[in-house]
Amino acid sequence: MVLLHLPRFPLYLVTSPHSLLPLRTYSASSKTTLLRAPKSTLTASDPVTVAPSPTELSLEKLFVPPETTVSLDSSRILNGSNILLSNYANDAQVLQAEFVKSSVRTEDCPSDGLPEFALVGRSNVGKSSLLNSLVRRKKLALTSKKPGKTQCINHFRINDSWYLVDLPGYGYASAPQELRMDWEKFTKDYFLNRSTLVSVFLLIDASIPAKKIDLDYASWLGQNQIPMTLIFTKCDKRKKKKNGGKRPEENVNDFQNLIRGFFQSVPPWIMTSSVTNEGRDEILLHMAQLRNYWLKH
């Protein structure tokens, strides 16, 4: 298992990159402040929501955060993931969320030096719904039934101390060619040159079989040594067996098997649902331990 050296670490992928694509902009009216802490299983300082024991996953399939010792007696794994909980998983609650700005150039993004996590995924993967679930606000990021609406790098400041970043989606065939070119101009530049980027959270729809476009996107991130966590969305959906559908758990396992050939070490992953809030606390705990390690180093 390779330990992280944030904010960049190698994933050793070997497939070729492909062109990716755009989604939506926000206005100042998107500003939201939470005056009270939302109900959550997390505590403000020392959160724990973990299981199963490490013996249920082989060591080579675990993601071990930096400065974390693996112990069969005391190590804990975040629910629905392969991520070990570290001592850096503190201050994970979202108490305040505020839309700051939309940018089309990396140099136009906030310059206050706060750490940030970027959410990206195929159009209609549930990215805005996940963002709203993380902050427990239904309309912080406006959702749309029509894919391809986010067209900018959208920054949301959390607790006045870090950012969630909503990036353009990809894979929307009806998007104009010029929008695809815009992605090449600013989203890739953001990944490659944004010094405060702690990790990219790549969203994968677990209700359907793995798509090559998602594998290609992960490949590009890995080739360019961009830190990445796989977020499997829509894990509440159940397909009927008679129609050839698979359960989300099966699709997640299939995806893991497919990327096994691309990676020398397994990336971190979490199963989620914006409907049931499955995985919400786990994502925040994972972000907290990466963020706190990043701030220390």
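Numbers for residues simply follow the sequence, beginning at 1.
Across Cys235 and Glu278, no two heavy atoms sit closer than the pair CB-OE1, 3.8 Å. Taking all atoms of both residues into account, the shortest heavy-atom contact from Ala206 to Val252 is CB-CG2, 4.0 Å. Closest non-hydrogen pair, Arg194 versus Pro110, comes out as NH2-O, 2.6 Å. In this structure, Phe191 and Val120 approach most closely via the heavy-atom pair CZ-CG1, 4.3 Å. In this structure, Ser81 and Ile83 approach most closely via the heavy-atom pair OG-N, 3.1 Å. Contact detail for Trp294 and Gly113: the closest heavy-atom pair is CH2-O, 4.0 Å.
The closest side-chain donor-acceptor pair between His155 and Glu98, if any, does not fall under 3.5 angstrom. Looking only at atom types and distance, the side chain of Ser133 has a donor-acceptor partner in the side chain of Asn277 under 3.5 Å away. Side-chain contact of Arg105 with Ser103: a donor-acceptor pair under 3.5 Å is absent, judged by distance alone.
With Asn82 contributing its side chain and Pro267 its backbone, the two residues share a donor-acceptor pair below 3.5 Å. The backbone N or O of Thr187 sits nowhere less than 3.5 Å from a side-chain atom of Asp189 that would complete a donor-acceptor pair. The backbone N or O of Pro65 lies less than 3.5 Å from a partner atom in the side chain of Thr68, making a donor-acceptor pair. A donor-acceptor pair is defined here as one N or O able to donate and one able to accept, closer than 3.5 Å; such a pair exists between the side chain of Asn159 and the backbone of Gln96. A donor-acceptor contact shorter than 3.5 Å links the side chain of Arg280 to the backbone of Leu134.
Counting non-hydrogen atoms of other residues, nucleotides and ligands closer than 6.0 Å to CG of Asn87 gives a total of 12 or fewer.
Relative ring orientation between Trp269 and Phe232 is described as perpendicular, the plane-to-plane angle rising above 60° on a 0-90° scale split at 30° and 60°.
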- prompt: How far apart are the C-alpha atoms of Tyr170 and Tyr217, what are their side-chain angles, what is the distance that settles it, and do they pass the side-chain contact (heavy atoms from CB on, under 4.5 Å) test?
  reply: CA-CA 9 Å; Tyr170 58 87; Tyr217 203 112; 3.0 Å; yes
task: Show your reasoning for whether side-chain contact (heavy atoms from CB on, under 4.5 Å) applies to Ile270 and Glu282.
output: CA-CA 7 Å; Ile270 302 173; Glu282 287 72 23; 4.1 Å; yes
message: Ile204 vs Ile231, test: side-chain contact (heavy atoms from CB on, under 4.5 Å). Steps then yes/no.
response: CA-CA 6 Å; Ile204 307 295; Ile231 302 297; over 6 Å; no
task: List the steps, then state whether side-chain contact (heavy atoms from CB on, under 4.5 Å) holds for Tyr163 with Ile158.
output: CA-CA 6 Å; Tyr163 287 104; Ile158 308 299; over 6 Å; no
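By the 4.5 Å heavy-atom criterion applied to side chains, Leu164 and Val135 are counted as neighbours. Side-chain contact between Asp214 and Leu202: absent, with no pair of heavy atoms (C-beta onward) separated by less than 4.5 Å. The side-chain heavy atoms of Leu230 and Phe255, taken from C-beta on, include a pair separated by under 4.5 Å. Using a 4.5 Å heavy-atom threshold, the side chains of Pro115 and Thr196 count as separate. You'll find the side chain of Gln93 stays beyond 4.5 Å of the side chain of Leu284, heavy atoms only. Put simply, the side chain of Glu67 reaches to within 4.5 Å of the side chain of His297, judged on heavy atoms. Residues Arg157 and Asp112 have side chains in contact (heavy-atom distance under 4.5 Å, counting atoms from C-beta outward). With contacts defined as side-chain heavy-atom distances shorter than 4.5 Å, the pair Ile153/Val165 qualifies.
Atom CZ of residue Arg122 and atom CD1 of residue Ile208 lie 4.0 Å apart, to the nearest 0.5 angstrom. Note that the OG atom of Ser274 and the CG atom of Asn132 stand 8.5 Å from one another [nearest 0.5 Å]. Between the CG atom of Asp108 and the OG atom of Ser111 there is a distance of 10.0 Å, given to the nearest 0.5 Å. Remark: Leu221 CG to Gln223 CD distance equals 10.0 Å, nearest 0.5 Å. Here Asn90 contributes atom CG and Tyr88 contributes atom OH; the two are 10.5 Å apart, rounded to the nearest 0.5 Å. For the atom pair Ile77 CD1 and Phe63 CZ, the distance stands at 13.0 Å (nearest 0.5 Å).
Annotation: ring pair (Phe, Tyr, Trp, His ring centres under 6.0 Å) contacts of Phe201 (sequence neighbours excluded): Phe117, His286. Asp254 meets the salt bridge (Lys or Arg N to Asp or Glu O under 4.0 Å) test with Lys246; sequence neighbours excluded. By the side chain to side chain donor-acceptor pair (under 3.5 Å) test, Ser86 pairs with Gln289, sequence neighbours left out. Residues satisfying the salt bridge (Lys or Arg N to Asp or Glu O under 4.0 Å) criterion with Glu249, sequence neighbours excluded, are Arg238, Arg247. The side chain to side chain donor-acceptor pair (under 3.5 Å) test applied to Thr276 returns Ser273, not counting sequence neighbours.
Leu295 and Leu85 fall within a single hydrophobic cluster, where Ile, Leu, Val, Met, Phe, Trp and Tyr side chains are chained together by heavy-atom contacts under 4.5 Å.
Among residue pairs with one or both ends in residues 217-234, those qualifying as salt bridge (charged side-chain N to carboxylate O under 4.0 Å, His left out) are Asp205-Lys234; sequence neighbours excluded.
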